[in-house]
Structures are given as C-alpha cells and as structure tokens.
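Okay, so here's the structure we're looking at.
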Number of protein chains: 2
Amino acid sequence: MRIDYHNHMAQRSRYTDEILRVVSDAGRPVSVDEIRDALRESGVGTATVYRVVNNCVEGGKLKKVELPNAAARFEPADLPHHHHFECDSCRKVYDVPGCAQGVADLAPEGFEVSQHEILLKGTCPECQEASV
Amino acid sequence: MRIDYHNHMAQRSRYTDEILRVVSDAGRPVSVDEIRDALRESGVGTATVYRVVNNCVEGGKLKKVELPNAAARFEPADLPHHHHFECDSCRKVYDVPGCAQGVADLAPEGFEVSQHEILLKGTCPECQEASV
DNA sequence: GTGATTATGATAATCGATTCTCATGTCATG
DNA sequence: CATGACATGAGAATCGATTATCATAATCAC
C-alpha cells in the first residue's frame, strides 16, 4: 500500500547528502541549475534536484531564497540572520552578513512586520575584474 | 511608412493620463491588474495597460517595482527614496517611507553596490482588522 | 534471489506573467 | 467621406520556472 505516491517522498534520496554538501560548500545561495551543474558527473536530473531541495526545505534543512525575476536559490537553514547581494552582471547571489539598524521600525504605524529582506545590487568583485 | 510597427508606440494612448492618475492616486505601487480593475468601466484591455505602463517606464514617468513571485507593480517615478511592505494576506504592496542606516555599507569588501531594496513583510492594518 | 516498493530521469504539462498577433476601430487630415 | 497611420482588445503565443507523468532502474524486505 502506498500513500503519497506521486508527491514528494519522505527523504530517502540517494542524492540528498551530496546536494546538501553542494549547497553548504557554495557559501552563497545556489539555484537548482547550479546544484545540477555541480553534480553533473553524477547524472542527477533536474526533477530530482527539485524534489530533494523541496524536501529539505520542508524538513528544515534548507531555506529558499526568493528574488525578483530569478529562479529560487537555496541556502543552509541554520545560517545566522543575514541578507543578499545580487550581481547585475553574472546574476550570482552572495551573502551579506549582518543587518541594518532599525529596519523593521520603518513600517508605518499599524503595519505588523514579521520579516524583512534587504537586497543589494551591483557588481561582484569577480565581474569588476572581468570588466577592467 | 511605419517604423516600430508592432512594438511600443510613442506615447499617444488615450488611456495614458487615466492610467497615470490611477497609479498616482493609489498611493502605493499597483499591478497591471489593479490598474485594469480600476478602469474597468472604460473597457481598457490588459495589453493596452501593459503597453502604456511600459511606455511610461521608458519615458521616465513610472517606476517598475519588482518583487519575488509577484506581478510587477508600478509607482510614480518621482517619489523620494523609500521602500516597500508586502502584505502576506492580501498581497497588496505599500510604501514605507525612509531608509535604514548604512544599508549599502553592509556589502563585504570588494562589492560595488549600485542600489538596494528593503522589503518588509507581514500584515497590513486592513488585514489585521479583518482577522479580528 | 525474488517480488514489491519506491526513486529516478526524460520530457511533457502546467503556471503566471507578459508580449505578440492581427482584425478592427479610431482619428486626423485632405 | 476617403485614406492612411496608428491604437486597441481578444486571445494566442511565449517565456522561464517548476511540477507532474510514467516507464524504468534501484533498493528493500524477506
């Protein structure tokens, strides 16, 4: 008897550990495509990467980072509070440690703030090099 | 002779003024659907609203506000620097005046920041009311 | 091992947002 | 009022991201 046949399975993908390692080693939020590329030799398929990262998000191991007009990125769920930088040139997303003073207090009277996101944009060091 | 036949025309839509008025009156960034709804009686079509707002963005009259997993919103281009609040319940986007201290300075050494966005999330006053 | 169960990958389907197409409407101008 | 130039709306097409399908492969329980 099978429950939940064609939805996300519990968690027993043989790729889970490798995918978590890739995300962790990247040191920045990575997309499904980036994960798949990093594991190219393993032959893992896109669908599987999606399944695994979704599982991991559900299981509290990964956090989904959503940006405007971009595929979702994934990062370890246990990182301390931080924000992100998106490079206008290569589109890679980087971590920005720390947070600005009094961000949540910006909200006008009557708004209940449950979370906030700060997104910096510009050019990453690598792309600055490249353009010299 | 026609140049640019089926792309954006110069700016002579008969709806331009009304659309700009809707955006301005809203007092918060509005989506194409919201604009269309506001002008429902006029019978304006979605395509036209897209054409007009795109023109206005190009012409420097409107600014496009892009959020994760949401249709673009549009606001007057001449507003002073500010940020946004997205209600988790009704999905409406509101303006948040002002800015936090030292936001751009958060970037690690070597990153060149050209702009930043702060997005607050939570519940707007209206939706708090509704849930009481 | 053997049969049942479940994961995988290729690819089709879906989804929401946006843009394109094109027949028709509008409007200015001669 | 004829003409041409262009704007409009309905709906089709597209786009990128993600999810669903399903035959097959891997794995598990015994």
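Chain A is the first sequence line, chain B the second, and so forth, proteins listed ahead of strands; every chain is numbered from 1. All figures in this text were calculated on a predicted structure; none of them were measured in a lab.
Each of C:dT11, D:dG9, C:dA17 was ranked by its minimum atom distance to the side chain of B:Ala71; first place goes to C:dA17. Listed candidates were C:dA7, C:dT11, D:dA7. Nearest to the side chain of B:Arg12 is D:dA7.
One interatomic measurement links the two molecules: CG of B:Asn55 to C1' of D:dC6, which rounds to 13 Å at whole-angstrom precision. When rounded to the nearest whole Å, the span between CZ of A:Arg36 and C1' of D:dT19 equals 16 Å. In this structure, CZ of A:Arg40 is placed 17 Å from C1' of C:dG9, rounded to the nearest angstrom. The OH-P distance, from A:Tyr15 to C:dT6, rounds to 20 Å in whole Å. Between the CZ atom of B:Arg14 and the P atom of C:dC27 there is a distance of 6 Å, rounded to whole Å. Atom P of nucleotide D:dG9 and atom CD of B:Glu41 are separated by 14 Å, given to the nearest angstrom. Atom CD1 of A:Ile19 is separated from atom P of C:dA7 by 14 Å (rounded to the nearest Å). Regarding B:Glu34, its CD atom lies at a distance of 17 Å from the P atom of C:dG16, rounded to whole Å.
Using a 4.0 Å heavy-atom distance criterion, A:Ala70 is classed as making no nucleic acid contact. Looking at heavy-atom distances under 4.0 Å, A:Val44 makes contact with sugar-phosphate atoms alone, never a base.
Counting only heavy atoms from C-beta outward, the side chains of A:Thr16 and A:Asn55 never approach each other to under 4.5 Å.
In this structure, B:Pro68 and A:Glu117 approach most closely via the heavy-atom pair CG-OE1, 4.5 Å.
Each of A:His84, A:Arg28, A:Lys64 was evaluated against A:Glu75; a single residue qualifies, A:His84, per the side chain to side chain donor-acceptor pair (under 3.5 Å) test.
For C:dG9, the OP1/OP2 oxygens have no side-chain nitrogen or oxygen of A:Tyr50 closer than 4.0 Å. Between B:Ser13 and D:dT8 there is a side-chain N or O to OP1 or OP2 distance below 4.0 Å. Between A:Asn69 and D:dG16 there is no side-chain polar atom (N or O) within less than 4.0 angstrom of OP1 or OP2.
Under 4.0 Å is where a charged nitrogen must lie from a carboxylate oxygen, and between B:Glu34 and B:Lys92 no such pair does.
A donor-acceptor contact under 3.5 Å links the side chain of B:Arg51 to the base of D:dG9.
Atom CG of A:Leu119 sits about 12.5 Å away from atom CD of A:Glu66, to the nearest 0.5 Å.
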